[in-house]
Every structure is written in C-alpha cells, then in structure tokens.
Amino acid sequence: MLNSKKYNFAGEQTKAIHAGEAPDAVTGASAPNLVMSTTFVADTDTGFSVESMDENDTWVYTRWGNPTVSQLEEKLAVLENAETAVAFASGMGAISALLFHLLKAGDHAVISDVAYAALSEVTNEMIPQLGIEITKVNTSDLEAVRKAMQPNTRLVYIETPCNPLLRLTDIEAVAGIARQSGAKLAVDSTFATPVATKPLELGADFVIHSLTKYLGGHGDALGGAILGKREDLLSLRKKTAIRLGGSLSPFNAWLIMRGIATFPIRMKIHQENALQVAAFLERRPEIKKVIYPGLPSHPQHELARRQMKNFSGMITFQMENGREQAARFAGKLQIIHYAVSLGHHRSLLFYLNSDDLLKTSFRLSTREQLQSWNCFAGEGLFRLSVGLEDAIDIISDLRQALED
Ligand SMILES: *Cc1c(COP(=O)(O)O)cnc(C)c1O
C-alpha cells in the first residue's frame, strides 16, 4: 500500500503538501478525495479473514484499510522518514495497539515514569493484570534505564519531551541500551513532531504520534499513528490493529491531511511564539519557574539543541497558589483558552495539580523520581500550548490576566 521511497522531495513543506497525494486519475481533482465507504466491491477470490490479506490487495473493508486513511499514512511515513505508518482513531488507540502487539504474559517493559497520563494509567494496572511486568523509570537517567533492563525486557517506552514536564530523553543513548538487551524502543514524539526529531534515525524501532496535536493542528480531529519498519508494522496492522478495531475515520484522516499541509510552516511560528512567550514569563515576578527546551535555563538545553531542530510550542511554568491562579486565568483570559490538549492553532492553558498527578497517574516513589519531578514541575504547574496567534496578543493576554 505504501511506498515512501518514490518521493524525492528535499523540503519538509513540499513533503507535507504532496506526499500521499496525486490528482485523481478519473476526475482530475487536485485535492484528495474523501472515501467514506466502509466496504468495497471485491474480487471473488478475496478472503473473508484478514489472515489472508496481502499488502498489495485491493480495498475490502475500511477497518482493514481505506484509500483516504492510506493517503494520510503515506504522508506521515514520508514526513517521519519511516518505511510505513499505521493510523489509529486516537493517540491512545495507537499506544494500546503497540502494547498489546508487543507484550505477552511473562514479558517485561521499561516505561517512562512520567508520560502521557492515559499511558501511565494503562501501564499502572491494566497491563500488569495481564501478567506483564512493568518497571517505571526516569528515562532521562540513562543509568536508571540500564539498571531496569531484564533478560525478558521486550520494550522500552519513552516520551521526549515528556508530557507534562518537558523533560527530555536522549533517544540515541536509550536506543543503544535497548538494542543491547534485544528490546524494542518506542518513542512517543508527539511533543517534538517530525520537524524537530526523527527518532527512527536515532535508533528507535517505533514512533508514536497523537495526530490530534501538532500534526492535525486545528483541534478538530482525534487521530494517532505508529511508524516504523514495514516488517514490524505489517504484522502489527494485521494481527493487532485491525482486530482491536481502533481504526481512524476517513473523515478524520482527510481533516488531518489537510492540517498537515501547513504543518512545517506552523511549527516555525509555534517555536517563534513560544520563545517570545517563555522569555516574557521568565521576566514576570509572579512566575517562579519557566521550563521550555528552547531556553538556556532548561536543565537539558544542550540535549534539546542536539536532538530537536525545532523546540516546539509547549511551555510549563510554576506559580504559587496554583489552584487560585488557575481560576483567575480561566476567568480573565480572552484569547488563550483554559482547556486541555495542545498543538492547536489556538493557544491553550491548563493547570496540573502535582499532588493529584503524583497519586493517580504517576505514582512516583523513589527520592530520585520525586527530585526530578520537583526540578521540572514542583507545585502550581501550568502547561501552556502556545498557538499561532500573534505573539504580541498572546503576551498581552497573559499580562492582563497576571495583573489586577
Ligand atoms: C495527547 C497525547 C497522547 C494521546 O493522544 P489522543 O489522541 O488524545 O489519544 C499521547 N501522547 C502524548 C504525548 C499526547 O500529548
């Protein structure tokens, strides 16, 4: 279905616009078709089970594959320099399929101790209940990763920069550790995006994106994807993804494809705006600490410069009395929406209660883990997804909300 090798585009923006797309052979339509059909008129030798599905088969049933979804998959693969991609109904759909595909009873996985909350929660209970052993470590600490590896470790799962701390993990170094133990490395690169970092080139086996965020970019379509080698993903698609059923709607694929057309351009502005907003916040007396990978004050700024070609648009900052400040922001902000999610054209701000998160999602236990949390987050943590409005307006909005 996919053949990312056929493209020879030099630039990211050309890939974003043209990969996976071609004028329609019948109508000459320049924009991609939206094919909503769930079933397709089949050859009489088409099998009824996905077992017999072949990569070059024609379309059968949309859960197995769909022309519009396939166009998106091809675009994503080209952007990430991956052999192939499998799209899902959401980022969590992609993550769950990967975990179910790779892990079975008796296996062990090393997972970042701070990562997207739903992934953290799935690996706290559901996955261990299946007889799979999970060790949570701060994956920025390479020694901790090395110590956590066991003979039955099948998967190392990292997120960089991680949600919500914006703590980074050295992908190349962790890929080396995973390879030595014969484990696969999966990287959730939602915050970095393919314009910043290409984890597969640094030795990762799988890259995960929530397409809901920067790739779709407009806050109107959930989606997810796993990218990697054809060999790994063909079997993941056939044995796991199609059966678990978290398939992406063609309509969402179409919206996300349309969003991706401007993705590299958007990332430039996200970064430019975030640098200005982060510098503004750092100067404000009300703000205790600002964490942004593009600031020299980020504890891993050197790694960020090495591993990220674009620092993306996510900032966290700390204030005293977080809960009261959250109510104040929610009441006073005029441009920035007080809302979860990120990577949209609109700026979004949300308060994260450290006490709750540490008890529910993350359950950090060791002194080192708590120290790292406090170094990056502490109390009164806000996550700001800097949007594409003019920086001057985002800054004015924050200023008027901070001042009485
Ligand atoms: C949002 C997000 C996810 C989950 O994606 P959904 O599309 O909401 O399911 C996974 N990882 C990261 C880093 C995210 O920000």
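When a ligand or atom number is given, it counts from 1 through the structure's own listing order. Keep in mind the model is a prediction, meaning the values are calculated, not measured.
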- Message: Taking the six-membered ring for Trp, are H298 and Y292 closer than 6.0 Å centroid to centroid?
- Response: no
- Does F382 have its ring centroid less than 6.0 Å away from the ring centroid of F317? yes
Could you tell me which atoms of ligand 1, counted from 1 in the order shown, lie closer than 4.0 angstrom to a heavy atom of [X]?
X: E159; value: 13 (C)
X: M92; value: 4 (C), 5 (O), 6 (P), 9 (O)
X: S90; value: 7 (O), 9 (O)

- Take every heavy atom of G223, measure it against each atom of ligand 1, and state whether any distance is under 4.0 Å. yes
Taking [atom] as the reference point, the nearest protein heavy atom with its distance:
atom: atom 5 (O) of ligand 1; value: S210 OG, 3.0 Å
atom: atom 2 (C) of ligand 1; value: K213 NZ, 2.5 Å
atom: atom 6 (P) of ligand 1; value: G91 N, 3.3 Å
atom: atom 7 (O) of ligand 1; value: T212 OG1, 2.7 Å
atom: atom 4 (C) of ligand 1; value: Y116 CE2, 3.4 Å

- Query: Does the pair Y61 and F40 meet the rule for a ring pair (Phe, Tyr, Trp, His ring centres under 6.0 Å), with working shown?
  - Reply: CA-CA 6 Å; Y61 185 54; F40 296 83; 8.8 Å; no
- Item | Selected option - heavy-atom contact closest to atom 11 (N) of ligand 1, from I208, D188, N163 | D188
- Message: What I'd like to find out is whether the side chain of L155 reaches to under 4.5 Å of the side chain of L103, using heavy atoms alone.
- Response: yes
- Message: With rounding to the nearest 0.5 angstrom, report the CG to CD1 distance, L333 to I336.
- Response: 5.0 Å
- Check the pair R399 / E286 against salt bridge (Lys or Arg N to Asp or Glu O under 4.0 Å), numbers first and verdict last. CA-CA 11 Å; R399 185 184 292 115; E286 302 90 341; over 6 Å; no
- Task: Identify whether the distance between the nearest side-chain nitrogen and carboxylate oxygen of K229 and E231 falls below 4.0 Å.
- Result: no
